[in-house]
Protein chains: 2
Amino acid sequence: MPRQVDHVQRRSEISAALWQVVSESGLEGLTLRSVAATAGCTTGMVTHYFRDKKALLAHARSVMHRRMADRIDAMPLRHSDPRAHLYAVAEQALPLDEERHLEAVVWSSFLLTTRTDQELLREHSVSHASWVRRLTTLVRAALPGEPEPGNLEERVRALVVCLDGLALNAVTDPDAYPPDLQRRVLERQLDLILEGNRTL
Amino acid sequence: MPRQVDHVQRRSEISAALWQVVSESGLEGLTLRSVAATAGCTTGMVTHYFRDKKALLAHARSVMHRRMADRIDAMPLRHSDPRAHLYAVAEQALPLDEERHLEAVVWSSFLLTTRTDQELLREHSVSHASWVRRLTTLVRAALPGEPEPGNLEERVRALVVCLDGLALNAVTDPDAYPPDLQRRVLERQLDLILEGNRTL
DNA sequence: TGCGTTACACAACAAGCGTTACGTAAAGTG
DNA sequence: CACTTTACGTAACGCTTGTTGTGTAACGCA
């Protein structure tokens, strides 16, 4: 047996370099050479651990999903206050710190390419539906009374697209959407969503 | 004087081809050759009317802004019902028909590149601020009472990011966000925003 | 101490890109 | 009818990209 290297470790190092490149130059600035340069190695090493560029992108994407899911799964299952619980989970979708900002950048970059890639679209579709379902449960738990049908779905959707829009704007123009503003808007949106429970 | 051609017309034809390419292959699939092929001409003609690719992109962007602004300016200045007026204007930001869907695709594509381009960021910044200001006026007019300070801004922001998120999701996965759903969510969001007017 | 396998650097390749230069056809003007 | 200017097709250039192959150093095992 020849010299042994931790493949998982190497792959995650390269993947980290990829994230950094995307955060600095966007997906269109992502090349094997730029990744290699950022990782401090040669393209040979990159291709040694990832068959081709598609495999590299796929890994970065799966890492992204994993990180997001892990962060949410790490949350306490039940909160004393259902509204606080809802807020805590929803907040995970916002780029409120360095880590989540980086994730949001990668997320939005991949999201746009989704439009022209059927395979990515299917992945996104199920992931998005699952996210909506999770929030639906939490919103229902936080609502004061029994929601009317349809009414609930629209409230949840309003929350979901609000989160996406918030993240998108924060990624595009961070100075115009600082964490403080994001939090206030989310609080307000939760107020609005949970406030009345009647057909207007 | 030699043979004369309507430059404006030609440029708009090429620009239309560019939009089509972007809608089909995204910004990363946009090349002079693909634009020429879609327009049914050669790259020579494209470069004849646009000095370089940057000029072509800039023109397409300005056309986008122009179209969006025109559509909103074409609305009646005053509506009998201020809420209906607000809805009508807000709806213009949603990809509810073919035309607006195409615009939204181009919009989202450009939006992402904004992150790594300082010049584009400044353009976006003023445009976005102006949009927020316009909606603020309309929301204030549609609110039942006098809004509390801060409160109003958060409500408007919640609406703005909701619109962006709605558009983004509709562009990414049109089947999951059909026009009907978009309209319902927007209606609901307006309900929520205009409903209560007290600090919760 | 060799031996064989793995890890990786390096270079070459074709393909596709934006750009540029050149050639030609067409049409208004004298 | 020339003549000149514009309109545009064509092709070549240099560059960057992903991919692939070859060479070499390192290290576990015999």
Side-chain angles (χ1 to χ4, degrees), chain A residues 1-61 106 109-110 112-113 116-117 119-120, chain B residues 1-61 106 109-110 112-113 116-117 119-120:
Chain A
M1 281 291 166
R3 109 175 109 154
Q4 299 244 349
V5 181
D6 187 345
H7 275 235
V8 175
Q9 159 104 12
R10 281 269 192 268
R11 286 169 67 98
S12 80
E13 281 173 24
I14 296 173
S15 180
L18 182 150
W19 279 49
Q20 193 179 330
V21 169
V22 171
S23 78
E24 286 168 5
S25 335
L27 254 187
E28 87 277 2
L30 182 95
T31 67
L32 293 191
R33 286 165 175 80
S34 66
V35 170
T38 303
C41 65
T42 64
T43 65
M45 177 165 160
V46 177
T47 60
H48 185 68
Y49 288 98
F50 296 96
R51 209 172 317 272
D52 52 12
K53 194 182 180 181
K54 200 178 273 277
L56 183 56
L57 287 172
H59 184 256
R61 227 173 45 230
V106 176
S109 298
F110 275 121
L112 255 283
T113 70
T116 51
D117 187 325
E119 188 188 336
L120 258 63
Chain B
M1 281 296 162
R3 116 173 102 155
Q4 300 242 349
V5 181
D6 188 345
H7 274 234
V8 174
Q9 160 103 14
R10 281 267 192 275
R11 286 167 67 98
S12 81
E13 281 173 25
I14 296 173
S15 180
L18 181 150
W19 280 46
Q20 194 178 331
V21 170
V22 171
S23 80
E24 287 168 4
S25 336
L27 255 187
E28 86 276 3
L30 181 94
T31 67
L32 293 192
R33 286 164 174 80
S34 67
V35 170
T38 303
C41 65
T42 64
T43 64
M45 177 163 160
V46 177
T47 59
H48 186 67
Y49 288 98
F50 295 96
R51 211 173 315 273
D52 52 12
K53 193 182 180 183
K54 200 178 274 275
L56 183 57
L57 286 173
H59 184 257
R61 227 173 45 230
V106 176
S109 299
F110 275 122
L112 255 282
T113 70
T116 51
D117 187 327
E119 188 189 335
L120 259 64

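So you know, we letter chains A, B, ... as the sequences are listed, proteins then strands, and number each from 1. Small disclaimer: the values here were computed from a predicted structure and weren't measured.
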Chi angles and distances behind the side chain to side chain contact (heavy atoms under 4.5 Å, CB included) call for A:V5, A:R10: CA-CA 8 Å; A:V5 181; A:R10 281 269 192 268; 3.6 Å; yes
Spacing of [X] atom [atom1] relative to [N] atom [atom2], expressed in whole Å:
X     : N      : atom1 : atom2 : result
A:M45 : C:dT6  : CE    : P     : 17 Å
B:L32 : D:dG9  : CG    : P     : 14 Å
B:F50 : D:dC8  : CZ    : P     : 13 Å
B:K53 : D:dT16 : NZ    : C1'   : 13 Å
A:E28 : D:dT16 : CD    : P     : 16 Å
A:H48 : C:dT5  : NE2   : C1'   : 11 Å
A:E13 : C:dA7  : CD    : P     : 14 Å

B:R10 vs D:dC8: side-chain N/O to OP1/OP2 distance below 4.0 Å: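 Looking at the OP1 and OP2 atoms of D:dC8, one of them is under 4.0 Å from a side-chain N or O of B:R10.
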A:H7 vs C:dA7: side-chain N/O to OP1/OP2 distance below 4.0 Å: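 Checking A:H7 against C:dA7: at least one side-chain N or O falls below 4.0 Å of OP1 or OP2.
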NA contact type, [X], heavy-atom cut-off 4.0 Å: base, sugar-phosphate, or nothing?
X     : result
A:R51 : nothing
A:T31 : sugar-phosphate
B:L56 : nothing

Closest-nucleotide ordering on DNA chain C, the 5'-leading residue of A:V46 and B:G29: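 This one resolves to A:V46.
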Qualifying residue, where the test is side chain to side chain donor-acceptor pair (under 3.5 Å) with A:Q9 and the options are A:H7, A:R11, A:E13: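 Among the candidates, only A:E13 passes.
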Plane angle bin for B:F50 and B:H59 - parallel if under 30°, tilted between 30 and 60°, otherwise perpendicular: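 Ring orientation of B:H59 relative to B:F50: tilted.
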Heavy-atom check, side chain of A:Q20 versus side chain of A:V35, under 4.5 Å: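 The answer is no, as the side chains (C-beta and beyond) never meet within the 4.5 Å cut-off.
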Closest to side chain of A:T43, choosing from D:dG18, C:dC8, C:dA11: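 Ranking D:dG18, C:dC8, C:dA11 by closest atom to the A:T43 side chain puts C:dA11 first.
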Base C:dG16 to side chain B:R33, donor-acceptor N/O within 3.5 Å cut-off: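 By the distance-only test, no, there is no pair.
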Worked verdict on B:S34 versus B:T31 for side-chain hydrogen bond (donor to acceptor under 3.5 Å, both in side chains): CA-CA 5 Å; B:S34 67; B:T31 67; 3.2 Å; yes
